Visitor: 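Input: one structure, supplied below.
Atom set for the values below is all heavy atoms of this structure, side chains included, hydrogens, waters and symmetry mates excluded. The shown structure was predicted, so the numbers you read here are calculated from the model rather than taken from an experiment.
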Amino acid sequence: MNTPHDSAPDPVSDRVGGPVPDGFEHTTVTANGITLHAVIGGSGAPVLLLHGRPQTWRAWRHVMPILAEHGYRVIAPDLRGLGDSTRAPGGYDKDTQAEDMRALLHRLGITGEVRLVGHDIGGMVAFAYARRHPQEVARLALVELALPGFGLERAMNPATGGSFHFGLFMTPEVPELLLDGTENAFLTWWFNRLAHVTAAFPPEEITAVTASYTGREALRASFGHYRTLLQDGRMNQAWAESGAHLPMPVLAVGGEHNAGTRLAEALRPIAPHLSAAVIKDSGHFVPDEHPEDFARQLIAFLT
């Protein structure tokens, strides 16, 4: 695999994300002023996989080999502040993170069209990338999220049936104070609450995830992704109000027991080339809970 002169291929497996799938390797690059870690493998058209919170590149570990076997070069980074990427003091708005990912690709020598796949927070970053650089995105797949400016604000409001955690995570300092020292217990509760196939998150997997979210600084960086959500929504709304839309094919994926078709319904006004898929018997963590079913839908869309 060709890597740029300032990247650092690293085959060791003792990073916080754990060992990589066969045929993949760790790579670290300097991009957009920070250090970004990614796991890369395969050859062919590039596919960028962007994870959500509270996960790292490991969210895609079951899907990555399947995509590589089908002729794709797979790039699965850790988002800013998470995993082995820099715990930056700021820059967690999704537009800045889109530029993180674009700079990462350029450092890897990828300057043409890319296929973007984003889950949860990673889907927000993928959307910002497609909004800002539509000519560089061949296809966009968004998985299990409510998009800022297009439904997230309602999902954030407990008074209308939304989830409590948005307000908690967006509050400066408080969630770090509350969760410092109880990260594993909280994440165990979290995955059991949002996954339908809870067997996808045995204790050893939650322990592996917890390694990336332990301590005040790690928690602060992770909550940084939430503390820009209102700003992210304003940026997306302003873009839509200008009459813009997504010109590329877009796939909206929901788990049967979580987002379902809500994401697709929210995207219809701005994505004229939209298709939708619902993964049966899945909760929020589709790539973990039903990786083969998800990969089948994804490959059919990406091809």
Side-chain angles (χ1 to χ4, degrees), residues 1-3 7 9 11 13 17-27 37-52 55-79 101-102 104-106 108-120 122-123 125-127 129-130 133-134 136-145 197 200 246 248-256 263-264 271 273-282 285-303:
M1 182 183 68
N2 294 325
T3 52
S7 70
S13 60
V20 300
D22 289 344
F24 285 78
E25 66 180 15
H26 294 284
T27 297
H37 165 256
V39 174
I40 303 176
S43 60
V47 177
L48 182 65
L49 303 176
L50 304 182
H51 66 86
Q55 294 185 283
T56 65
W57 70 266
R58 284 180 57 82
W60 308 104
R61 66 197 182 284
H62 301 307
V63 176
M64 293 159 63
I66 302 174
L67 290 174
E69 289 169 5
H70 281 78
Y72 291 103
R73 185 183 184 192
V74 180
I75 304 101
D78 289 330
L79 295 178
M101 295 301 108
R102 187 168 182 254
L104 167 68
L105 292 178
H106 288 182
L108 296 174
I110 300 170
T111 56
E113 285 189 330
V114 65
R115 290 159 171 78
L116 291 181
V117 184
H119 172 252
D120 189 76
V125 177
F127 179 85
Y129 193 127
H133 305 288
E136 299 176 13
V137 178
R139 290 177 180 256
L140 172 67
L142 302 177
V143 186
E144 268 292 319
L145 69 140
V197 182
L246 297 173
M248 73 289 296
V250 178
L251 174 66
V253 180
E256 179 185 17
L263 175 60
H273 309 292
L274 178 71
S275 55
V278 175
I279 305 301
K280 184 175 174 58
D281 293 327
S282 183
F285 301 99
V286 170
D288 298 270
E289 297 180 53
H290 288 286
E292 292 184 358
D293 290 347
F294 171 65
R296 190 178 306 113
Q297 294 279 358
L298 186 58
I299 289 166
F301 171 72
L302 295 178
T303 302

Visitor: Measure the CD1-CG distance between I299 and L67 for me, rounded to the nearest 0.5 Å.
Guide: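 So the gap between those two atoms works out to 5.0 Å.
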Visitor: With sequence neighbours left out, write down each residue that passes side-chain contact (heavy atoms from CB on, under 4.5 Å) with A138, or none if nothing qualifies.
Guide: E113, R115
Visitor: Under the side-chain contact (heavy atoms from CB on, under 4.5 Å) rule, collect the residues that match up with S275, sequence neighbours excluded.
Guide: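 Residues passing side-chain contact (heavy atoms from CB on, under 4.5 Å) with S275: L251, F301.
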Visitor: Are H51 and L79 close enough, and set up right, to give a side-chain contact (heavy atoms from CB on, under 4.5 Å), and what steps lead you there?
Guide: CA-CA 7 Å; H51 66 86; L79 295 178; 3.6 Å; yes
Visitor: What's the shortest heavy-atom distance between A68 and F24, and which atoms?
Guide: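 Here A68 and F24 meet closest at CB-CZ, 4.0 Å.
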Visitor: To the closest 0.5 Å, what do you measure between CZ (F285) and CZ (F294)?
Guide: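 Reported to 0.5 Å precision, the distance equals 14.0 Å.
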Visitor: Which heavy atom of G42 sits nearest a heavy atom of R73, and at what distance?
Guide: O-CG, 3.6 Å
Visitor: Quick check for you: to the nearest 0.5 Å, what is the distance between D120 atom CG and L142 atom CG?
Guide: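 Rounded to the nearest 0.5 Å, the CG-CG separation comes to 11.5 Å.
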Visitor: D288: which residues meet the salt bridge (charged side-chain N to carboxylate O under 4.0 Å, His left out) condition with it, sequence neighbours left out?
Guide: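 Result, salt bridge (charged side-chain N to carboxylate O under 4.0 Å, His left out) vs D288: R61.
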Visitor: Which residues pass the side-chain contact (heavy atoms from CB on, under 4.5 Å) test with P291, sequence neighbours left out?
Guide: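 Per chain and number, P291 pairs via side-chain contact (heavy atoms from CB on, under 4.5 Å) with H62, V63.
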Visitor: Just by distance, do the side chain of H26 and the backbone of H37 share a donor-acceptor pair under 3.5 Å?
Guide: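 Pair absent, no side-chain N/O of H26 close to backbone of H37.
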Visitor: L48 pairs by side-chain contact (heavy atoms from CB on, under 4.5 Å) with which of L116, L108, I110, V117?
Guide: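 For L48, the side-chain contact (heavy atoms from CB on, under 4.5 Å) test succeeds with only one of L116, L108, I110, V117, which is L116.
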Visitor: If the condition is ring pair (Phe, Tyr, Trp, His ring centres under 6.0 Å), which residues does Y129 pass it with, not counting sequence neighbours?
Guide: H133
Visitor: With rounding to the nearest 0.5 Å, note down the distance linking NE2 in H119 to CG in L145.
Guide: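 Going from NE2 on H119 over to CG on L145, the span is 8.0 Å.
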Visitor: Checking side-chain contact (heavy atoms from CB on, under 4.5 Å) between I279 and each of E144, E256, H290, which is the one that passes?
Guide: H290
Visitor: How many angstroms lie between CG in L104 and CD1 in I40, if you round to the nearest 0.5 Å?
Guide: 6.5 Å
Visitor: To check you understand the geometry: which heavy-atom pair defines the closest contact between V125 and M101, and what is its length?
Guide: CG1-CG, 4.2 Å
Visitor: Which heavy atom in A130 sits nearest to a heavy atom in V137, and how many Å separate them?
Guide: CA-CG2, 3.9 Å
Visitor: Identify the heavy atoms of P19 and W57 that sit nearest to each other, and give their distance.
Guide: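 So the minimum-distance heavy-atom pair works out to O-CH2, 3.4 Å.
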Visitor: Is there side-chain contact between P46 and I75, with at least one heavy-atom pair below 4.5 Å?
Guide: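 Counting from C-beta outward, P46 and I75 do come under 4.5 Å.
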Visitor: Could you list all the salt bridge (Lys or Arg N to Asp or Glu O under 4.0 Å) pairs where at least one residue sits in residues 294-303, not counting sequence neighbours?
Guide: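 Pairs touching residues 294-303 that pass the test: D293-R296.
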Visitor: Roughly how far, to the nearest 0.5 Å, is the CG atom of L298 from the OH atom of Y72?
Guide: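 That separation rounds to 8.0 Å.
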Visitor: How far apart are the closest heavy atoms of L50 and P77, and which atoms are they?
Guide: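 Minimum heavy-atom separation between L50 and P77: CD2-CG, 3.7 Å.
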Visitor: Backbone N or O of V197 within a donor-acceptor pair of the E289 side chain at under 3.5 Å?
Guide: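 Indeed, once roles are kept as given, a pair shorter than 3.5 Å links the two residues.
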Visitor: side-chain contact (heavy atoms from CB on, under 4.5 Å) for L246 and F127? Distances and angles first, verdict last.
Guide: CA-CA 9 Å; L246 297 173; F127 179 85; 3.7 Å; yes
